[in-house]
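Have a look at the structure below, then the notes.
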Protein chains: 2
Amino acid sequence: MEKIFQEAVNDAQVIAPFQSHGHDHGQCVVEAIAAAESRCEKDGSSFTPLRRKVLELVWSSHGPVGAYEVLEKLRSSRRNAAPPTVYRALEFLMEHGLIHRIESLNAYVGCGDPARRHGGQFLICRDCQSVAELDDRAIDRAVTRRADALGFDVEQQTVEIIGQCADCSARGDNDGE
Amino acid sequence: MEKIFQEAVNDAQVIAPFQSHGHDHGQCVVEAIAAAESRCEKDGSSFTPLRRKVLELVWSSHGPVGAYEVLEKLRSSRRNAAPPTVYRALEFLMEHGLIHRIESLNAYVGCGDPARRHGGQFLICRDCQSVAELDDRAIDRAVTRRADALGFDVEQQTVEIIGQCADCSARGDNDGE
DNA sequence: TTCTATATGTTATAATATATCATATTTTAA
DNA sequence: TTAAAATATGATATATTATAACATATAGAA
């Protein structure tokens with residue numbers, strides 16, 4: 001059981017697992033910023049202070065963050081920030097694969113592996129709101145097979161799975177609910 | 001090629017295929033209403049004239065329809081309809097599996113098989129906006145396997161695939177784009 | 001340096017969704 | 001059969017999410 005779990009986590013198809021409560025989140029942010037710098041340099045696009053700040057704010061947790069939540073936090077450093085300030089930065093970050101949008105929550109989450117291009121597959125815990133990002137080939141293959149059989153040309157996959165993560169399940173949060 | 005396509009379409013895992021332009025859509029609506037009546041009777045819930053009308057409006061096409069689009073159409077028969085009028089009806093229809101919400105479009109689409117409970121898997125054509133509804137066991141299994149391996153308990157799957165349907169591809173709509 | 005493209009500021013408004021309380025209708029059950 | 005309770009709809013207001021449009025500033029290219 002534990003072994004299967006470890007295999008699943010260590011697998012490259014799990015881009016970002018659920019994080020333990022006590023993990024060093026500052027380190028996550030540092031790594032995300034570094035990866036973003038590297039990605040933007042490669043793309044020849046400018047990773048401005050505003051964009052960096054917005055990325056940091058999205059990374060303020062491993063959970064999805066709303067645009068207006070980002071805006072509110074942003075205002076402590078930029079008093080006159082307005083919705084377009086945030087939405088434009090978010091758009092940039094998405095175009096460069098630095099964040100993903102969770103459609104079912106109208107919210108955004110940092111990408112765990114901006115070096116590699118990939119669509120979004122997410123497990124979202126309904127209790128702690130944390131998100132695990134996947135790039136599961138079996139899911140991708142199943143989708144592609146069916147689409148092919150129907151002559152449908154896939155351009156973008158949105159896979160968002162809501163449920164309860166292992167930690168919350170163990171803690172017994174709302175179990176039967 | 002054609003054979004594979006037919007197998008895919010006839011398969012029960014394709015709940016509602018892309019519809020040809022010339023199909024008898026009135027018949028689709030009639031069948032959807034009949035299925036809804038039967039479903040609500042089974043559930044012991046009341047399929048009121050308002051709810052019926054809203055369902056008909058969602059079924060006005062095989063594409064996703066926005067809540068305010070439904071509202072506008074609804075107003076020709078109910079002059080004083082307001083947003084809550086529509087949203088409450090949509091909520092009812094979703095609870096009873098008569099429609100699905102397409103998260104990535106903030107829109108709603110009629111369910112092709114309300115008799116059977118299922119989550120949503122959709123192929124959405126970016127050109128003609130039509131939607132094919134799936135209940136693909138391979139996709140479901142791939143998702144469940146990965147979730148199980150991570151100790152994640154799945155409650156709700158959202159699978160929304162954007163791309164180009166076979167018809168639009170054949171017609172050459174925006175092909176290289 | 002001047003032109004051009006890119007990025008941000010600023011104001012206004014669009015699009016989507018819900019809260020709340022009032023009224024009407026249906027169902028339950030005494 | 002009628003009063004109470006539950007359900008459904010009406011009506012108004014407002015919350016939440018997102019974009020349009022135009023002005024200004026800044027960075028790179030010619």
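Protein chains get the first letters and strands the later ones, always in sequence-line order, with residue 1 at the start of each. Below, all heavy atoms of this structure are taken into account, side chains as well, without hydrogens, waters or symmetry copies.
Under a 3.5 Å cut-off, the side chain of B:Arg51 and the backbone N or O of B:Ser46 do form a donor-acceptor pair. Side-chain atoms of A:Gln129 never come within 3.5 Å of backbone atoms of A:Gly63 as a donor-acceptor pair (strictly under, hydrogens ignored).
Each end of the helix from C:dT1-D:dA30 to C:dA30-D:dT1 gets its own rotation axis from five pairs of C1' atoms, and the angle between them is 30° to the nearest 10 degrees.
Contacts between residues 44-61 of chain A and DNA chain C, defined by a heavy-atom separation under 4.0 Å, are made by A:Ser46, A:Thr48, A:Leu50, A:Arg51.
When the side-chain nitrogen and oxygen atoms of B:Arg78 are compared with OP1 and OP2 of D:dT9, none of them lie within a distance under 4.0 Å.
In this structure, CG of B:Leu74 is placed 12 Å from C1' of D:dT9, rounded to the nearest angstrom. The CG-P distance, from B:Asn80 to D:dT12, rounds to 9 Å in whole Å. Taking atom CZ on A:Arg88 and atom C1' on D:dA23, their separation rounds to 11 Å, with Å as the unit.
With sequence neighbours excluded, the residues that form a side chain to side chain donor-acceptor pair (under 3.5 Å) with B:Ser104 are B:Glu160. Considering only residues two or more places apart in sequence or on other chains, B:Asp153 meets the salt bridge (charged side-chain N to carboxylate O under 4.0 Å, His left out) condition with none of them. Here A:Asp167 pairs with nothing under the salt bridge (charged side-chain N to carboxylate O under 4.0 Å, His left out) rule; sequence neighbours left out. Taking the salt bridge (charged side-chain N to carboxylate O under 4.0 Å, His left out) definition, one finds that B:Glu103 meets it with B:Arg101, sequence neighbours left out.
Hydrophobic cluster of A:Val30: no remaining members, since no ILVMFWY side chain lies below 4.5 Å from it. Hydrophobic cluster of A:Ile99: the remaining members, joined at side-chain heavy-atom separations below 4.5 Å, are A:Val29, A:Ile33, A:Phe47, A:Leu50, A:Val54, A:Leu55, A:Leu57, A:Val58, A:Trp59, A:Val65, A:Tyr68, A:Val70, A:Leu71, A:Leu74, A:Val86, A:Tyr87, A:Leu90, A:Phe92, A:Leu93, A:Met94, A:Leu98, A:Tyr108, listed by chain and number.
Rounded to the nearest 0.5 angstrom, A:Cys165 SG and A:Ile124 CD1 are separated by 12.0 Å. The NE2 atom of B:His62 lies 4.5 Å from the NE2 atom of B:His25; values are rounded to the nearest 0.5 Å.
At least one side-chain heavy atom of A:Gln121 sits less than 4.5 Å from a side-chain heavy atom of A:Asp140.
Note on residues 77-87 of chain B: no pairs pass salt bridge (Lys or Arg N to Asp or Glu O under 4.0 Å), not counting sequence neighbours. The side chain to side chain donor-acceptor pair (under 3.5 Å) pairs that include a residue from residues 27-41 of chain B are B:Gln27-B:Glu31, B:Glu37-B:Arg52, B:Arg39-B:Asp43, where partners are two or more places apart or lie in different chains.
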Tabulate atom names and distances for all N/O pairs under 3.5 angstrom spanning the protein and nucleotides 17-19 of chain D.
unit_1, atom_1, unit_2, atom_2, d
D:dA18, OP1, A:Arg101, NH1, 2.8
D:dA18, OP1, A:Arg101, NH2, 2.6
D:dA18, OP2, A:Tyr87, OH, 3.0
D:dA18, O5', A:Tyr87, OH, 3.4
D:dA18, N7, A:Tyr68, OH, 2.5
D:dA18, N6, A:Tyr68, OH, 3.3

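Chain B approaches DNA chain C within less than 4.0 angstrom (heavy atoms of the protein), and the contacting nucleotides run 5' to 3' from C:dT16 to C:dT20.
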